[in-house]
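Reviewing the structure listed below.
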Amino acid sequence: MKRAALSDRIAEIVGPRWVEVDTAALEHNVRQVLGLLRPGTELMAVVKSDAYGLGAVETARAAVAAGASWLGVTTVEEGLELRRHGLTAPILVFAPPLEAEAPACLAYGLTPTVTHRDVAEYLARAARSLGIAAPVHLKVETGLGRLGLEPAAAVELAREMAAWPEIFLEGVYTHLATAGLNSAFVLRQAKAFEAVLVGLEDVGIRPRYRHICNSAAIVNHPDLHYDMVRAGNLLYAQVSGRVRDRLGLRDPWQVRARILQVRDVPKGEPVGYGADFRTSRASTLAVIPLGFADGLGIVPARSPRRFGELARAVTKLVLSGLGFYRGHYTVEVNGRAVPLVGRVAMQMAIADVTGIPGVRSGDEVGAPALRRVNTGARLPRLYTRDGVPYRARTLAGEITFDEWLGAEG
Ligand SMILES: *Cc1c(COP(=O)(O)O)cnc(C)c1O
């Protein structure tokens, strides 16, 4: 069935606003990243924060299908969601579990991060009561100033843990602060990390997984790939256009909506909360069911009223002309970029579609301005392969498209 013919079905399932994720593009990106790695270096797909908004479960499925051998999340709760949906790949939890979470973490085969001694101790207690020997990864703090053990303390704890039967050191890692933008700082952290590895080796410890690279470092520091890399942004093509082109990444994601109403209004009409935008001509306005609660962080067009606002507007114009500022003032209607006008509300925004022929309620709108991490968690996700829908995740749960069609037909 052609996408056009499915349009009504899609509307029935997901309603007037949705996040569309092309898992074929995700899989493509996973393969492109794998292509950057030496044989033997593994890829962890970072699917924390609902896979940066794309949907953790479906993204994890795609990543594993395309060759990622590990998944990474921040919390035990996020790991449990993946296990509940049948994902069996190893899952590293970046944040240390709370003591209360330790038994569930280990019982469901999530791999915890040890960031300090207490965590190691209560993980060992939990493992003992479960009667298992649990793998853990040790996090070294090398410059991000966040979670982890100082290098010397990391070596010391690893040495102690080597005598404990309940947990064993499967991995050691650190996290970079400068995302590859500041090479000198990356190398400083890498040096501190390397010193820990040497310290461990001196006492006879060589963990199976040593890992340090996030997306930027995967691209900029191939010499730091070690045994595994942890990629988030790269898989979701959230990188500069230059890197995206060089690696041949595809954009797997867009927010879409349907116009709820189209109105012709005269010149001088107030639009939106605060009535601080007025139409400067007879206009056609389209109401769109997306707002700031959905992550629509678009700054709406309105006439600058104070000098400061005017100066800012001019600066942004100049910077965007030079390519330094990506102002998000437009959505796409029938293939044309149109400005939002009036204030963006909680779940509504208004686009100026004056002069675009044939715009009707029900027409689709693309909102390229939404950032993944800000995308409202309650927006339905529609999963497609090369544009053909096969599954949706809505507030009602997960729906397979074939099932839906079958149930209806
Ligand atoms: C988020 C995160 C990553 C992935 O970072 P990207 O820049 O999105 O690739 C890797 N490691 C840890 C510990 C993280 O928290």
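All values derive from a computational prediction rather than experimental measurement. Whatever order the structure lists them in is the order used to number ligands and atoms, beginning at 1.
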Checking R188 now: which residues fulfil salt bridge (Lys or Arg N to Asp or Glu O under 4.0 Å) with it, not counting sequence neighbours? none
Enumerate the pairs of nitrogen or oxygen atoms, one from ligand 1 and one from the protein, separated by less than 3.5 angstrom; state names and distance to 0.1 Å.
{"residue": "ligand 1", "atom": "7 (O)", "partner": "N233", "partner atom": "ND2", "Å": "3.4"}
{"residue": "ligand 1", "atom": "8 (O)", "partner": "Y52", "partner atom": "OH", "Å": "2.5"}
{"residue": "ligand 1", "atom": "8 (O)", "partner": "N233", "partner atom": "N", "Å": "2.8"}
{"residue": "ligand 1", "atom": "8 (O)", "partner": "N233", "partner atom": "ND2", "Å": "3.1"}
{"residue": "ligand 1", "atom": "9 (O)", "partner": "S215", "partner atom": "N", "Å": "2.9"}
{"residue": "ligand 1", "atom": "9 (O)", "partner": "S215", "partner atom": "OG", "Å": "2.5"}
{"residue": "ligand 1", "atom": "9 (O)", "partner": "G232", "partner atom": "N", "Å": "2.9"}
{"residue": "ligand 1", "atom": "11 (N)", "partner": "R230", "partner atom": "NE", "Å": "2.8"}
{"residue": "ligand 1", "atom": "11 (N)", "partner": "R230", "partner atom": "NH2", "Å": "3.4"}
{"residue": "ligand 1", "atom": "15 (O)", "partner": "K48", "partner atom": "NZ", "Å": "2.7"}

Does one side chain, of R256 or Q254, offer a donor that lies under 3.5 Å from an acceptor on the other? yes
Between E42 and Y226, is there a side-chain donor-acceptor contact under 3.5 Å, judged purely by atom types and distance? no
Selection residues 213-233 - residue pairs positive for salt bridge (Lys or Arg N to Asp or Glu O under 4.0 Å), sequence neighbours left out: R210-D227
Below 6.0 angstrom between ring centroids: does that apply to H211 and H225? no
With sequence neighbours excluded, give me every salt bridge (Lys or Arg N to Asp or Glu O under 4.0 Å) pair touching residues 22-36. D22-R250, E27-R385
